[in-house]
Number of protein chains: 2
Amino acid sequence: MSAQSPLHMTEQRRVILEELRKVRSHPTADKIYTRVRRRMPRISLGTVYRTLDLLAAQGMIRKIESAGTRRRFDGTVEPHYHIRCLECGRIADLPPGEMPGLEAHFRNQTDYDVVGHTLELLGTCPACRKDRTEGKDVGVRPASEQ
Amino acid sequence: MSAQSPLHMTEQRRVILEELRKVRSHPTADKIYTRVRRRMPRISLGTVYRTLDLLAAQGMIRKIESAGTRRRFDGTVEPHYHIRCLECGRIADLPPGEMPGLEAHFRNQTDYDVVGHTLELLGTCPACRKDRTEGKDVGVRPASEQ
DNA sequence: CCAATATCAGTAATCATTCCTATTATTAGT
DNA sequence: ACTAATAATAGGAATGATTACTGATATTGG
């Protein structure tokens with residue numbers, strides 16, 4: 001599911017990779033599109049999206065905010081973390097309470113004022129683990145769930 | 001920025017809140033819409049979205065995956081966390097390395113197999129802190145940045 | 001050199017979410 | 001209660017990000 005067959009380095013892919021590696025920021029696809037177009041005015045936005053996904057699948061770059069883009073809501077207000085199943089997208093609650101010492105651990109590693117954090121555990125839910133031991137080829141059904 | 005004036009509890013708001021609190025899952029807006037429609041067939045999806053935002057602003061429910069929805073990319077593959085400025089959306093890297101003991105801390109708190117995690121620190125970046133001490137009313141410009 | 005395959009540009013389609021508007025409900029003041 | 005002012009709603013249109021499609025162009029293997 002990660003490093004694939006060695007990727008054919010076309011001009012477009014090389015330039016996209018170069019432009020992303022050139023910046024210290026964490027640009028969105030259309031920001032990258034804007035930059036790349038300065039060097040390749042005819043490139044299409046679709047190529048940028050396709051290439052970024054490809055490079056990320058190769059492990060050559062990283063997507064951040066890897067969680068699904070659909071917003072979810074939680075009727076429980078008491079602070080607690082979640083764990084998400086990477087196979088079926090199901091989200092479960094963890095017991096209430098914060099990871100002790102977490103924010104303190106980072107306070108002297110950044111020039112930001114730290115005021116909070118988001119933490120999500122990733123894993124395999126009992127149902128998907130069971131499917132797997134039974135040899136069901138579940139593939140990767142995207143986060144539809146529930 | 002959190003608890004506001006006491007909310008007028010209309011029928012729609014009450015039913016949306018009830019339906020969300022009734023489930024242990026973490027539904028998307030349209031899942032809630034489907035459920036609520038069983039009791040109020042004429043409710044509109046817009047009302048569901050508006051109400052969920054409202055309830056979250058009151059602190060009566062929680063939005064999860066609170067990060068901005070636009071996908072961002074990172075040219076650095078070495079594992080590292082990010083910190084996001086809540087005011088301007090800017091994302092900065094933290095030094096490479098994982099929070100020690102984090103996944104181990106949760107292994108016995110869930111029936112999922114834990115295989116990873118995402119952690120994002122939240123805070124105020126130096127530029128926004130400076131704006132604030134200078135009394136500039138920056139409001140909350142959404143994650144446009146860079 | 002040619003056929004099979006991959007990649008691309010350009011554009012249309014999709015999906016979640018937000019915005020808009022006319023209508024309906026609620027509140028406050030008399 | 002009656003009415004004007006205000007708030008909330010339904011329904012649908014608009015937006016913005018992302019993905020899918022299509023015909024053209026490039027690349028590779030034989």
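Both backbone and side-chain heavy atoms feed into the values below; hydrogens, waters and symmetry mates do not. A quick note: this is a predicted structure, and the numbers were derived from the prediction, not measured. In what follows, chains carry the letters A, B, and so on, assigned in the order in which the sequence lines appear, proteins first and then strands, with residues in each chain numbered from 1.
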Nearest of [options] to any side-chain atom of [X]?
X	options	answer
A29(A)	dT18(C), dC8(C), dT18(D)	dT18(D)
T47(B)	dC8(C), dT17(C), dT9(D)	dT9(D)
H8(A)	dT17(C), dA10(D), dT7(C)	dT7(C)

Just N and O in the side chain of [X]: are any of them under 4.0 Å from OP1 or OP2 of [N]?
X	N	answer
R71(B)	dA17(D)	no
R50(A)	dT19(D)	no
T10(A)	dA26(D)	no

Within this structure, what is the [atom1]-to-[atom2] distance between [X] and [N], rounded to whole angstrom?
X	N	atom1	atom2	result
M9(A)	dA6(C)	CE	P	17 Å
L54(B)	dA7(D)	CG	P	13 Å
L52(A)	dT7(C)	CG	P	15 Å
Q12(B)	dA7(D)	CD	P	17 Å
Y49(B)	dA16(C)	OH	P	7 Å
R70(B)	dA17(D)	CZ	P	4 Å
R42(B)	dT24(C)	CZ	P	10 Å
R13(B)	dA10(D)	CZ	P	11 Å

Practice item. Find the distance between CD (Q58(A)) and CG (L17(A)) and round it off to the nearest 0.5 Å. Key: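 Going from CD on Q58(A) over to CG on L17(A), the span is 11.0 Å.
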
Study note, to complete from the structure: Rounding to 0.5 Å, atoms CG (D74(A)) and CD1 (I61(B)) come to a distance of 8.5 Å

Check your understanding: Ion pair present between R39(A) and E19(A), side-chain N to carboxylate O less than 4.0 angstrom?
Key -> yes

Check your understanding: So, are K22(A) and E18(A) salt-bridged, with charged N and O less than 4.0 Å apart?
Key ->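 Here K22(A) does not pair with E18(A) in a salt bridge, since their nearest N and O are not under 4.0 Å apart.
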
Exercise for review: May I ask you to say what I43(A) touches in the nucleic acid, namely base, sugar-phosphate or nothing, with a heavy-atom cut-off under 4.0 Å?
Suggested key: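 Sugar-phosphate only.
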
Practice item. Taking the six-membered ring for Trp and the single ring otherwise, decide whether the centroids of H117(B) and Y81(B) are under 6.0 Å apart. Key: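 Ring centres of Y81(B) and H117(B) closer than 6.0 Å.
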
Exercise for review: Would you kindly compare L45(A) and T51(B) by the position of their nearest DNA chain D nucleotide and give the one closer to the 5′ end?
Suggested key: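 It is T51(B), whose closest nucleotide lies nearer the 5' terminus.
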
